[in-house]
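The structure under discussion appears below in the form of structure tokens.
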Amino acid sequence: MEEVKASNFIEEIIEEDLRSGRCQSVRTRFPPEPNGYLHIGHAKSIVLNFGIAQKYSGETNLRFDDTNPETEETEYVEAIKEDIRWLGYQWARECYASDYFEQLYAFAEKLIRKGLAYVDDSSSEEIARMKGTPTEPGIESPYRHRTIEENLRLFREMREGKYRDGEKVLRAKIDMASPNMHLRDPIMYRIKHAQHHRTGNRWCIYPMYDFAHGQSDSIEQVTHSICTLEFVDHRPLYNWFIEQLEIFPSRQYEFARLNLTYTVMSKRKLLQLVNKGYVRGWDDPRMPTIRGLRRRGYTPESIRDFCERIGVQKRENIIDMSLLEFCIREQLNKIAQRVMVVLQPVKLILTNYPEHQVEWLSTENNPEDPSAGTRTVPFSRELWIESDDFMENPPKKYFRLAPGMSVRLKSAYIITCTGYEKDSEGRVHTVYAEYMPNSRSGDDQSGLKVKGTIHWVSVAHAIGIEVRLYDRLFTVENPDEQPGEFTDYINPHSLEIISQAYAEPSLAQAKPEDRFQFLRKGYFCVDPDSTPDRLVFNRTVTLKDTWVKELKKEISSSPLS
RNA sequence: UGCCCGAUAGUAUAAUGGUAGUACAGCAGAUUUUGGUUCUGCUUGUCCAGGUUCGAAUCCUGGUCGGGCAACCA
């Protein structure tokens, strides 16, 4: 048995349960409702639930909490399964609350027979009114004291379809004066004449969450049912049903859900972003959904790493997006092949380089991983360079190209700027320079030292690609807590499309989901929108850029501001 | 103003009565053919008030602040 140390309060509870003999092994479950796509908040729960099972040699069931036929669809079931697999997890059993409908129905009858449940004919408005308020007790329904026989008969008739939606409900008989609102005779079953994604029209009564979740846990012998904080108040009810039913004693534990800066996490709000066209879909690379992150270029490993780093606690929290970005940078730095791509091109002409000469220069694929090897890139007289790698009047600490200044062209030669040309609008379109023939990378006899190295692409060999630059979706850290609508804070520059960037020719073979580091620019991933003759790249995340910070300091310290 | 959670650097998270530590972020420097990576150093914290104790982030009491609960949603 390997030495394991609890890394959060839930693991502490598990270790104590194992030690005390409350359970011999551990079983958890991940219980999504199939009415939407999974997001990074679900990933926290997935990593927690599956991680615990792995750590303590237990198992995790995937269970779809499909008790509301009006909102649930098979499409979501498939999407959820794919996302969990992509994250790297395999469930022990694939379960559905709907598989237990017959059993749940029997449980309900058992409670009726124990005098602990009754059929109520009140309308939903009446029930709400009689429920009282958090500070005032509720009052008992006039139907609360029906006989067991009558309740049994009415409940069976409910199942048989004798009543319309909303005409009757089955309620637990607990305590209308309880300080816990969930114990004021909670509804167990409601009538819905609706098509269920798995049971079709076999049922017209469906159990509520509170009468399905704990019972499903119990049926599956889940030892630790881990959910989010909003269910804390449900725990007494969770336990009450299990005790009255005298079934396997699953236990519920709650942790704080994940919040991330500069995004929203609620299903409702994500749906709104999709439906109102703020993003292109659930898999838009700006979305915090698993599919969005995947399309953006995040790896399953980086998401798991993130979920482990954020920890598990009961206090409300909002995690810096920069931590997620750190996790993906850290992994991609190790594995991503480096390539040269010019995003905002300016032409560079090496006036002393022979006109039709082409040299294929060797360059490393990944300096962090020597085993990644090298490749060659074509070098010639006319090159594309990044427009912000040249300035007419550079500030003090600028060490790129400017009149009279020298830089190293990555894996090629040292050059010195000799001039430039502007168009009618005053924009520089061509830069002229001379290269030092004896300064070639790997064979540098020039003895020169330059501060800057810039990337480049040979004009004659460049391939045109589309690049989509993504930025945070919102302009504020917490769009949920701002005055007005959260959509008022959407970042209008969250997507910038560069329709013609120039890439070195080696990129032509790239396939969807391939990841690269565009040298000095960031990590990029091939988008599925790519076609054989038109590659599309998504920027996953920029490289850390201490130069932009320097620039910002310049600006803020200038007397103009 | 009923019940239930919670409160440790900017953000998270450890310390389980015994030196408040770690990560991210930030700042400064070194290295660098990516202003990347790596390395070094630095700044910043126990919500408040009492109490128990030789000793309290930790235990007790009372506050304060934040969050949740009154769906035939989950």
Side-chain angles (χ1 to χ4, degrees), chain A residues 7-8 12 31-33 35 65-68 70-72 97 120 122-124 127-129 131-138 165-171 178-184 186-192 205-206 208-210 212-213 227-236 254 256 261 267 309-327 329-330 333-334 338 340 363-364 367-368 397-400 407-412 414 439 441-442 444 449-455 477 517-522 542-551:
Chain A
S7 58
N8 58 57
E12 283 175 13
E33 183 186 14
N35 71 346
D65 235 336
D66 56 351
T67 57
N68 185 357
E70 286 163 350
T71 58
E72 297 151 3
D120 194 335
S122 308
S123 69
S124 87
I127 288 175
R129 199 174 332 111
K131 200 135 203 168
T133 70
T135 53
E136 302 163 89
D165 287 10
E167 215 174 320
K168 286 181 166 44
V169 292
L170 182 72
R171 291 228 255 170
S178 172
N180 181 335
M181 297 297 289
H182 298 280
L183 261 19
R184 320 245 264 227
I187 293 169
M188 294 164 59
Y189 269 90
R190 75 286 215 194
I191 299 169
K192 277 182 193 284
I205 57 171
Y206 292 93
M208 297 286 290
Y209 167 85
D210 285 307
H213 200 98
C227 61
T228 45
L229 250 26
E230 66 269 30
F231 294 101
V232 169
D233 290 331
H234 295 243
R235 188 174 353 110
E254 312 86 11
T261 55
K267 226 178 248 183
R309 283 171 185 267
I310 59 177
V312 179
Q313 253 306 336
K314 297 185 81 156
R315 51 185 104 104
E316 297 290 337
N317 59 80
I318 180 159
I319 311 283
D320 266 338
M321 184 65 91
S322 63
L323 181 61
L324 217 209
E325 294 179 342
F326 167 83
C327 291
R329 283 194 190 105
E330 185 180 55
N333 177 50
K334 290 183 199 140
R338 273 59 170 172
M340 293 199 281
T363 187
E364 55 206 341
E368 302 299 312
K397 291 182 188 167
Y398 188 82
F399 41 89
R400 303 178 191 176
V407 294
R408 156 87 55 191
L409 293 174
K410 173 71 183 172
S411 297
I414 290 174
S439 67
S441 287
D444 186 351
K449 276 254 163 80
V450 291
K451 282 280 262 188
T453 298
I454 65 173
H455 61 281
E477 284 198 353
Q517 183 193 103
F518 289 2
L519 222 63
R520 304 205 301 140
K521 285 290 152 190
T542 61
L543 255 29
K544 270 172 66 181
D545 192 341
T546 50
W547 172 243
V548 297
K549 283 182 197 164
E550 195 67 39
L551 277 181

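- Residues meeting the side-chain contact (heavy atoms from CB on, under 4.5 Å) test with A/K397, sequence neighbours left out: A/W547, A/E550.
- Using modelled atom types and a 3.5 Å distance limit, the side chains of A/S178 and A/N180 yield no donor-acceptor pair.
- Every residue was checked against the side-chain contact (heavy atoms from CB on, under 4.5 Å) condition with A/S124, not counting sequence neighbours, and none meets it.
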Strand RNA chain B in bracket notation, Watson-Crick/G-U under 3.5 Å with | for pairs to another chain: .((((((..((((....[..)))).(((((.......)))))....(((((..]....))))))))))).....
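- The line from NZ of A/K410 to CD1 of A/I454 is 12.5 Å long, rounded to the nearest 0.5 Å.
- Both A/E477 and A/N68 lie close to RNA chain B; mapped to their nearest nucleotides by heavy-atom distance, the more 5′-ward contact belongs to A/E477.
- A distance of 4.5 Å separates CG in A/D120 from CZ in A/R171, rounded to the nearest 0.5 Å.
- Taking atom CG of residue A/N317 and atom P of nucleotide B/rC5, one finds them 19 Å apart after rounding to whole Å.
- When the C1' atom of B/rA71 is taken as reference, atom CD of A/E33 falls 13 Å away, rounded to whole Å.
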Nucleotides 62-68 of chain B: protein proximity per nucleotide (B base, S sugar-phosphate only, - neither; heavy atom, under 4.0 Å): -----SB
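- In this entry the distance linking CG of A/D210 with C1' of B/rC69 reads 12 Å, nearest Å.
- Remark: the separation of the P atoms in B/rG21 and B/rU1 is 45 Å, to the nearest Å.
- Salt-bridge formation is not detected for the pair A/K544/A/E325: no Lys NZ or Arg NE/NH1/NH2 atom is positioned less than 4.0 Å from an Asp or Glu carboxylate oxygen.
- Distance OG/A/S441 to CZ/A/R408: 4.0 Å, rounded to 0.5 Å.
- Rounded to whole angstrom, the span from the CZ atom of A/R184 across to the C1' atom of B/rA70 amounts to 7 Å.
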Contact letters for nucleotides 33-46 of chain B, in which S counts primed atoms plus P, OP1 and OP2 and B counts the base, heavy atoms under 4.0 Å: BBBBB---------
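- Residues satisfying the side-chain hydrogen bond (donor to acceptor under 3.5 Å, both in side chains) test with A/R520, not counting sequence neighbours, are A/D389, A/H455.
- Note on A/V169: a base of the nucleic acid sits closer than 4.0 angstrom, heavy atoms only.
- Taking 4.0 angstrom as the limit, A/R315 places a side-chain polar atom (N or O) nearer than this to OP1 or OP2 of B/rU13.
- Here, B/rC47 and B/rU64 have their C1' atoms 7 Å apart, quoted to the whole Å.
- Legend: residues meeting side-chain contact (heavy atoms from CB on, under 4.5 Å) with A/T135, ordered by chain and number and at least two apart, are A/T133.
- The side chain of A/D320 has B/rU11 as its nearest neighbour among B/rA70, B/rU11, B/rC5.
- OP1 or OP2 of B/rA14 has at least one side-chain nitrogen or oxygen of A/Q313 nearer than 4.0 Å.
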Every protein N/O lying under 3.5 Å from an N/O of nucleotides 27-29 of chain B:
unit_1: B/rA28; atom_1: OP1; unit_2: A/K553; atom_2: NZ; d: 3.4

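- Expressed to the nearest 0.5 Å, how far CE of A/M208 lies from OG1 of A/T67 amounts to 8.0 Å.
- To the nearest whole angstrom, the two P atoms, one in B/rC4 and one in B/rC60, are 15 Å apart.
- A/D210 is linked by a side-chain hydrogen bond (donor to acceptor under 3.5 Å, both in side chains) to A/H234, counting only residues two or more places apart in sequence or in another chain.
- Here the closest heavy-atom approach between residue A/T363 and residue A/S411 is recorded as OG1-OG, 2.7 Å.
- Distance, A/H182 NE2 to B/rC72 P: 12 Å, rounded to whole Å.
- Rounded to a whole Å, the NZ atom of A/K314 is 13 Å from the P atom of B/rA14.
- We find the CG-CZ distance between A/L324 and A/F326 to be 11.5 Å, quoted to the nearest 0.5 Å.
- Residue A/T228 is classed as having no contact, given no heavy-atom separation below 4.0 Å to the nucleic acid.
- Every ring pair (Phe, Tyr, Trp, His ring centres under 6.0 Å) that A/H213 has, sequence neighbours left out, goes to A/Y209.
- The side chain of A/S322 has B/rC24 as its nearest neighbour among B/rC24, B/rA14, B/rC73.
- Annotation: B/rC59 and B/rG6 have their P atoms spaced 11 Å apart (nearest Å).
- B/rC42 and B/rU34 have their P atoms separated by 28 Å, given to the nearest Å.
- The residue A/S178 sits apart from the nucleic acid: no heavy atom pair falls under 4.0 Å.
- Here the separation of B/rC73 from B/rA12, taken at their C1' atoms, is 31 Å to the nearest Å.
- Between B/rU58 and B/rA23, the two C1' atoms lie 23 Å apart (nearest whole Å).
- Distance CD1 (A/I191) to P (B/rA71): 19 Å, rounded to an integer number of Å.
- Remark: A/I191 pairs with A/M158, A/Y163, A/D165, A/K168, A/H193, A/I205 by the side-chain contact (heavy atoms from CB on, under 4.5 Å) rule, at least two apart or across chains.
- Under the salt bridge (charged side-chain N to carboxylate O under 4.0 Å, His left out) criterion, A/R338 pairs with no residue, sequence neighbours left out.
- B/rU19 and B/rG55: their C1' atoms are spaced 12 Å apart (whole Å).
- Between A/N35 atom CG and B/rA71 atom P the separation is 19 Å, expressed in whole Å.
- Using a 4.0 Å heavy-atom distance criterion, A/T363 is classed as making no nucleic acid contact.
- Nearest to the side chain of A/Y209, among B/rC73, B/rA12, B/rA74, sits B/rA74.
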